Protein chains: 2
Amino acid sequence: MSILSKLSFKDQAFKLRENAILDATTAILRDKGFDLMTMDDVASAVGISKPSLYKHFKSKEDLVGEAMIRLIDGAADFLAQLDKNLQPIEILSAMLEWALRVRLEGGMPFLPSTSAHVREMLMRNLKYVGRVLKLNHQLEKLVAKAQKSGDLDASLPSDVILFSYYSRTCDPAVEFLQRYSKLDNEQIIKHMLQVCFAGLGTKQPH
Amino acid sequence: MSILSKLSFKDQAFKLRENAILDATTAILRDKGFDLMTMDDVASAVGISKPSLYKHFKSKEDLVGEAMIRLIDGAADFLAQLDKNLQPIEILSAMLEWALRVRLEGGMPFLPSTSAHVREMLMRNLKYVGRVLKLNHQLEKLVAKAQKSGDLDASLPSDVILFSYYSRTCDPAVEFLQRYSKLDNEQIIKHMLQVCFAGLGTKQPH
DNA sequence: GTCTATAAAATGATAGAC
DNA sequence: GTCTATCATTTTATAGAC
């Protein structure tokens with residue numbers, strides 16, 4: 001039984017419309033960012049009026065929060081569905097690869113890196129913070145294991161590894177390469193993974 | 001003879017006030033970003049009225065452009081003053097170290113990474129674009145030399161190296177570490193340089 | 001629940017006195 | 001060149017009809 005079949009037809013339509021609103025929100029956030037995205041933009045992209053939009057989401061902050069939550073849920077689902085026999089470093093690499101691919105295909109705005117203002121807004125959203133903390137906890141454990149096994153540099157503080165890892169998912173180099181280089185998406189992903197884990201240089205032992 | 005002594009006292013005061021305006025603009029950009037920075041913010045931070053501010057800079061775009069130009073000029077000055085006997089990889093490392101230190105000490109907003117909107121605005125500023133292209137040309141040559149000498153990974157496209165290098169100057173991991181870790185600024189710089197050139201992993205040969 | 005119309009507030013930019 | 005006062009516009013959010 002699908003998740004939708006539990007709901008009445010009316011509620012199904014409602015859910016579908018909410019998803020359409022979140023799709024439009026994601027696309028506009030990616031193109032314009034939070035500050036420049038207006039509720040008029042979203043309403044007209046979906047083809048509804050602004051008061052109707054406010055029936056679904058009580059504020060701009062709420063709307064963006066829900067869009068970000070859907071994003072985090074996608075990442076958590078991907079992680080949950082990975083082969084449990086993979087090494088921690090392989091899981092981390094696969095997660096980053098997934099995030100880069102989603103982003104290159106036009107899905108992901110990754111707002112938290114954008115500005116302190118947006119970050120604070122999201123941090124006030126308890127539902128969002130809960131999802132983030134849970135995912136962060138899983139990734140922390142993977143980083144610790146990979147450091148112990150020698151796949152990640154054990155001389156670096158785990159904070160440095162984790163924050164740098166997150167930053168790679170929203171690295172502006174991706175957009176620059178997509179716009180100004182002749183590399184295709186798969187080549188960009190391959191090189192970004194290489195740069196993340198092996199760096200720009202030819203490593204000397206330390 | 002200093003640069004200021006060529007000017008009348010009145011013009012000196014004018015220049016000093018412009019510098020104070022640019023200082024305030026830089027600080028506000030760092031804290032709030034372009035979209036949320038208002039001309040009222042800048043005027044009251046400097047202690048002048050908004051119309052006075054507009055006598056110095058004809059628009060918000062112009063003001064931010066000049067602040068960014070001053071930033072690029074600082075980088076170019078630092079590069080020009082480096083020891084000419086340094087290896088290209090040492091110069092690149094020193095430049096990144098300088099940029100990270102400036103940023104950690106509260107100076108640098110590094111807008112170009114922020115949003116497509118801001119990037120487009122700056123790209124319309126010919127004075128700014130000129131400075132950026134000149135600096136970019138110098139860094140391109142350093143990257144090519146470092147790849148040739150084997151200090152930077154020659155198997156990576158130079159585009160990938162250059163864009164990734166730029167991205168490290170505005171890596172959000174820096175702010176996360178400054179806010180949420182117990183590392184001091186110098187430790188953060190050391191680790192960020194390590195991550196940039198050597199990556200997160202323990203490199204296997206390729 | 002959807003719409004038209006509008007309130008309320010913020011903000012980029014300027015007029016005009018001094 | 002600096003100020004007070006103000007315009008014009010944008011934008012979040014809502015009232016009220018249907």
Side-chain angles (χ1 to χ4, degrees), chain A residues 7-22 24-25 27-29 31-68 111 114-118 120-122 124-125, chain B residues 7-22 24-29 31-68 111 114-115 117-118 120-122 124-125:
Chain A
L7 304 170
S8 74
F9 285 121
K10 204 166 179 181
D11 287 344
Q12 284 186 38
F14 192 86
K15 271 287 167 201
L16 284 175
R17 185 150 39 229
E18 288 212 334
N19 250 308
I21 294 173
L22 292 177
T25 302
I28 296 170
L29 283 175
D31 294 339
K32 312 178 65 166
F34 177 79
D35 298 326
L36 263 59
M37 181 194 97
T38 73
M39 296 300 266
D40 278 306
D41 289 337
V42 177
S44 58
V46 182
I48 59 175
S49 73
K50 201 159 43 165
S52 299
L53 176 56
Y54 273 94
K55 295 285 180 188
H56 288 270
F57 299 94
K58 71 174 193 298
S59 68
K60 182 180 175 182
E61 297 201 358
D62 181 49
L63 171 59
V64 172
E66 291 297 328
M68 293 301 296
L111 289 172
T114 303
S115 78
H117 168 242
V118 175
E120 280 162 29
M121 178 195 81
L122 288 170
R124 286 193 303 270
N125 186 328
Chain B
L7 305 169
S8 74
F9 285 120
K10 204 167 179 182
D11 286 344
Q12 285 185 39
F14 192 87
K15 272 286 166 201
L16 284 175
R17 186 151 38 228
E18 288 212 333
N19 250 309
I21 294 172
L22 291 178
T25 302
T26 300
I28 297 170
L29 283 176
D31 295 339
K32 312 179 64 167
F34 177 79
D35 298 325
L36 262 58
M37 181 194 98
T38 73
M39 297 300 267
D40 279 305
D41 289 338
V42 177
S44 58
V46 181
I48 60 175
S49 73
K50 200 158 44 163
S52 299
L53 176 55
Y54 274 94
K55 295 286 180 188
H56 288 271
F57 300 93
K58 71 175 193 296
S59 68
K60 184 180 176 183
E61 297 201 357
D62 181 49
L63 170 60
V64 172
E66 290 297 326
M68 292 303 296
L111 289 173
T114 300
S115 78
H117 169 242
V118 175
E120 280 163 28
M121 178 195 81
L122 289 170
R124 287 195 300 270
N125 186 326

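This is a predicted model, so every value here is computed, not measured. Labels below follow one simple rule: chain letters A, B, ... track the order of the sequence lines, proteins then strands, and each chain is numbered from 1.
Residues passing the side chain to side chain donor-acceptor pair (under 3.5 Å) test with A:Asn19 are A:Arg70, sequence neighbours excluded. Here B:Glu61 pairs with B:Arg124 under the salt bridge (Lys or Arg N to Asp or Glu O under 4.0 Å) rule; sequence neighbours left out.
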Which donor-acceptor pairs under 3.5 Å do the side chains of residues 43-55 of chain B make with protein atoms, sequence neighbours left out?
| residue | atom | partner | partner atom | Å |
| --- | --- | --- | --- | --- |
| B:Ser44 | OG | B:Asp40 | O | 3.0 |
| B:Ser44 | OG | B:Asp41 | O | 3.3 |
| B:Ser49 | OG | B:Ser52 | OG | 3.1 |
| B:Lys50 | NZ | B:Asp40 | OD2 | 3.3 |

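From B:Glu120, atom CD reaches atom CG of B:Asn125 across 14.0 Å, with rounding to the nearest 0.5 Å. Atom CE in B:Met121 sits 4.0 Å away from atom CZ in B:Phe34 (nearest 0.5 Å). With rounding to the nearest 0.5 Å, the separation of CG in A:Asp31 from CD1 in A:Ile28 is 8.0 Å. In this structure, CG on A:Leu22 lies 13.0 Å from CZ on A:Arg17, to the nearest 0.5 angstrom.
The two residues A:Phe57 and A:Ile21 have their closest heavy-atom pair at CE1-CG2, 3.6 Å. What you find for B:Ala67 and B:Thr26 is that their closest heavy atoms are CB-OG1, 4.2 Å.
Running 5' to 3' along DNA chain D, contacts with non-hydrogen atoms of chain A at under 4.0 Å begin and end at D:dT11 to D:dA15.
Comparing the local axis fitted to the first five base pairs of the helix from C:dG1-D:dC18 to C:dC18-D:dG1 with the one fitted to its last five gives a bend of 20°, rounded to 10°.
The closest donor-acceptor contact from the side chain of B:Lys60 to the backbone of B:Met37 lies under 3.5 Å.
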Atom pairs, protein N/O to nucleotides 10-14 of chain C N/O, distance under 3.5 Å:
| residue | atom | partner | partner atom | Å |
| --- | --- | --- | --- | --- |
| C:dG12 | OP1 | B:Met37 | O | 3.4 |
| C:dG12 | OP1 | B:Lys60 | NZ | 3.2 |
| C:dG12 | OP2 | B:Met39 | N | 2.8 |
| C:dG12 | N7 | B:Lys50 | NZ | 3.2 |
| C:dA13 | OP2 | B:Tyr54 | OH | 2.8 |
| C:dA13 | OP2 | B:Lys60 | N | 3.1 |
| C:dA13 | O5' | B:Tyr54 | OH | 3.4 |
| C:dA13 | N6 | B:Lys50 | NZ | 2.9 |

